[in-house]
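In what follows, a single structure is set out as structure tokens and then discussed.
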2 protein chains.
Amino acid sequence: MNDQGWQSAVSMRDAKGNSQRVTIRHVASAAGVSIATVSNVLNGRTSVAPELVARVRTVMGELGYQRDQVASTLRRRQTSVVGLVLPTLMSPFLAALATRLEGLAHAQGFQLLVGSANEDAEQELSRVQAMLAWRVAGMILAPVDKRFVSQSLIRDQGVKTVIVDRTSDHSDFDSVGVNNLEATLVATRRLIEVGHRRILAVGTSRSIPNMLERITGFETAAAAAGISSSCETLCPGGDLFSIGKALHRRLQQRPLPTAVFALSDVSTLAALQELGDRGLRMPEDVSLLGFDDHEWMQVLRPPISAVRQPTDELARHTWNRMMQRIQGDVSGASRIQLACSLEWRASTAAPPVEVPA
Amino acid sequence: MNDQGWQSAVSMRDAKGNSQRVTIRHVASAAGVSIATVSNVLNGRTSVAPELVARVRTVMGELGYQRDQVASTLRRRQTSVVGLVLPTLMSPFLAALATRLEGLAHAQGFQLLVGSANEDAEQELSRVQAMLAWRVAGMILAPVDKRFVSQSLIRDQGVKTVIVDRTSDHSDFDSVGVNNLEATLVATRRLIEVGHRRILAVGTSRSIPNMLERITGFETAAAAAGISSSCETLCPGGDLFSIGKALHRRLQQRPLPTAVFALSDVSTLAALQELGDRGLRMPEDVSLLGFDDHEWMQVLRPPISAVRQPTDELARHTWNRMMQRIQGDVSGASRIQLACSLEWRASTAAPPVEVPA
DNA sequence: TTGAAAGCGCTAACAT
DNA sequence: ATGTTAGCGCTTTCAA
């Protein structure tokens with residue numbers, strides 16, 4: 001790829017064919033000024049004579065000069081890179097969050113160093129560690145679990161950090177999340193309103209704070225309506241397969257629930273599979289309500305109801321807090337909780353009329 | 001967050017409370033050696049006396065020293081950061097690709113600067129530009145379109161680049177992709193084998209090279225079987241909504257196709273929606289075959305058949321090529337094409353028996 | 001208003 | 001085997 005003749009006029013190569021970056025020094029000598037002046041033009045700091053500004057700008061254009069961020073960062077001791085570590089990128093919710101954050105960051109001249117912890121605390125730690133070595137301006141982190149391994153590391157380094165999504169209360173970090181309890185509380189109430197009494201909540205693992213909040217919301221609503229005894233919570237933990245198996249076993253028993261409230265996207269998938277396998281129709285035989293709204297839910301027939309997390313707002317608040325910190329805000333840790341919305345679709349309806357046995 | 005008493009013993013702060021990084025100099029003086037020795041220990045270059053190695057290592061541990069990648073990069077003029085620019089992160093396929101790449105990169109001590117072009121060529125260019133200013137060791141790029149705006153920029157800078165997924169033939173860049181033509185050829189043949197004659201292919205836009213290859217594969221197979229006249233290709237371009245509308249109109253006409261081959265994931269969603277709206281059962285009334293295999297497809301009843309792209313292998317080959325380039329390989333551009341697999345599930349079956357009108 | 005010069009933290013010659 | 005030193009490309013006093 002080196003000697004194919006497409007080398008442009010503005011690229012500089014040395015005798016060995018290695019590309020040689022255009023530095024501030026090249027620009028300075030070509031423009032007949034000092035490197036300090038070039039730097040001043042670059043940063044618009046001290047007042048430089050307009051004609052010099054023009055000349056330097058022209059030369060920079062001709063030479064294709066671009067500031068070396070590495071050198072610049074080393075000298076000013078502040079960088080325009082922010083680290084983002086997520087438990088996974090394969091959740092549509094987190095992928096959307098990452099996309100929004102990247103957009104906001106880029107719009108403000110920041111770059112994102114992205115790491116996936118693969119739902120593993122050790123990997124999370126090693127990602128965070130590697131990013132700290134880059135002297136990132138800040139870290140945005142959705143911790144894998146509540147023990148939050150990288151805590152002490154981040155504190156020691158005094159890196160500006162915003163925790164997103166998987167927030168944990170006993171934290172002195174800024175955090176932006178969703179009011180899970182409120183969300184499932186409202187959603188469960190709605191199910192009860194339309195007539196459901198036997199509701200089965202399907203979660204993943206109680207050790208995830210978010211999940212625990214969702215379960216609490218569900219059980220609180222059930223208790224408030226006095227139907228705790230006919231409601232259940234299934235928390236088999238693990239992946240799609242193990243949730244599916246647990247649900248499979250439950251659906252062999254009677255009576256069947258009239259509504260299934262899946263408390264996560266993977267629970268929704270499991271429920272869809274098991275209800276489908278049993279030939280149960282939605283919403284005639286059983287209603288289905290999910291948590292996390294994905295595109296495919298809306299195109300199914302019937303479309304699946306879901307609690308939707310406000311991705312855009314989550315990203316906006318997270319990035320705002322990050323910028324405030326970067327710009328020197330040293331106020332106490334803030335905790336932002338946003339409300340979810342309930343997307344009520346055709347998969348949820350009144351329960352079937354009871355036929356006495 | 002600054003004066004809460006949780007400051008660890010290893011962090012150093014100056015009088016103003018700003019955290020002060022531990023540098024190689026601190027380590028050197030604490031260990032009673034020169035900074036060169038510390039550097040040598042860090043990089044394991046020249047032979048250092050074992051006892052000194054041990055002492056330096058201990059001190060580094062005690063002080064919580066971590067090498068400053070920015071300074072290191074500036075000096076050695078090579079970095080361990082690779083840029084990854086994708087048209088979107090919200091496609092499960094690309095999210096999975098990004099995850100795999102990040103894993104491979106991290107395992108080799110590399111970090112990924114990730115950018116989302118949001119399907120927009122201008123944004124792609126501006127992402128690439130920003131990354132080049134960081135002197136990334138290489139760029140992995142899934143171009144938004146075939147014009148591939150950032151081409152000249154990348155060439156001028158001589159950055160090692162691997163094009164992934166959206167490869168374009170007239171390219172002198174390394175590329176790793178999938179054999180789209182072969183994939184749809186095989187899949188279409190299979191549909192024909194089980195008896196389909198009226199097959200409707202639903203794509204997105206012909207201006208995307210991948211899509212064009214898929215269409216060609218489909219039409220070639222149809223022509224080879226002599227059923228071109230009863231097959232159609234729909235390419236409305238745009239998003240889920242506009243594909244849905246186009247498909248909606250087509251399904252109002254007769255005769256209906258006996259099989260729908262959705263040539264992308266968004267086409268699959270549109271097809272699912274429209275078939276569902278029309279009350280057409282799969283596979284009794286019409287078979288559905290998708291391109292790009294997602295988790296939700298397997299849990300539906302019936303499970304949706306799909307052409308699966310080998311994400312893991314794609315990532316592996318891409319990263320391998322990147323590493324070869326970084327390690328100095330200057331051979332000609334390579335073009336890797338991987339085979340897709342056909343996940344034949346219950347949504348595809350023999351067509352219904354024709355009832356003479 | 002412009003320029004000379006001192007480093008940011010690290011690596012790699014080159015001395016010792 | 002260890003230390004001294006000159007930068008990497010840039011920003012930023014401080015002088016002129």
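Just so it is clear: chains get the letters A, B, ... in the order the sequence lines come, proteins before strands, and each one is counted from 1. Below, all heavy atoms of this structure are taken into account, side chains as well, without hydrogens, waters or symmetry copies.
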Interatomic distance where [atom1] belongs to [X] and [atom2] belongs to [N] [whole Å]:
X	N	atom1	atom2	value
B:Gln69	C:dC8	CD	P	19 Å
A:Arg77	C:dC8	CZ	C1'	6 Å
B:His26	C:dG9	NE2	C1'	11 Å
A:Ile35	C:dT1	CD1	P	20 Å
B:Asp68	C:dC8	CG	C1'	9 Å
B:Gln66	C:dC10	CD	C1'	14 Å
A:Trp134	C:dG9	CH2	C1'	13 Å

In plain terms, say whether A:Asp329 and A:Arg321 are close enough for a salt bridge, that is, a side-chain N and a carboxylate O under 4.0 Å apart. yes

Can any side-chain N or O of A:Asn118 pair as donor or acceptor with the backbone N or O of A:Asp120 at less than 3.5 Å?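 Between the backbone of A:Asp120 and the side chain of A:Asn118 there is no qualifying donor-acceptor contact (under 3.5 Å).
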
A:Arg127 side chain to B:Gln111 side chain, donor-acceptor N/O pair below 3.5 angstrom: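 Side-chain D/A pair, A:Arg127 to B:Gln111: absent.
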
A:Ser91 versus A:Thr88, side-chain donor and acceptor atoms under 3.5 Å: no

Of B:Ala71 and B:Leu52, the one whose closest DNA chain D nucleotide lies more 5':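 The residue closer to the strand's 5' end, by nearest nucleotide, is B:Leu52.
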
Please classify the nucleic acid contact of B:Val33 as base, sugar-phosphate, or nothing, using heavy-atom distances under 4.0 Å. sugar-phosphate

Answer with base, sugar-phosphate or nothing: what part of the nucleic acid does A:Ser39 contact at a heavy-atom distance below 4.0 Å?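 Base, at least one base heavy atom under 4.0 Å.
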
Of all nucleotides in DNA chain D that come within under 4.0 Å of a heavy atom of chain B, which is furthest toward the 5' end and which toward the 3' end?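 The contacted stretch runs from D:dA1 to D:dG9.
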
To the side chain of B:Arg76, which of C:dG9, C:dA12, C:dG3 is closest? C:dA12

Check whether any side-chain nitrogen or oxygen of [X] sits under 4.0 Å from OP1 or OP2 of [N], and answer yes or no.
X	N	value
A:Thr37	C:dG3	yes
B:Arg67	C:dT11	yes
B:Asn43	C:dT11	yes

Contact check, side chains of B:Leu113 and B:Val136, non-hydrogen atoms, under 4.5 Å: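 Yes, close enough: below the 4.5 Å cut-off.
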
Any side-chain heavy atom of B:His26 within less than 4.5 Å of one from B:Tyr65? no

Hey, which sits more toward the 5' end of DNA chain C by its nearest nucleotide, A:Ala36 or A:Arg25? A:Ala36

Using a cut-off of 6.0 Å, state whether more than 12 heavy atoms not belonging to B:Glu122 lie near its atom CD. no

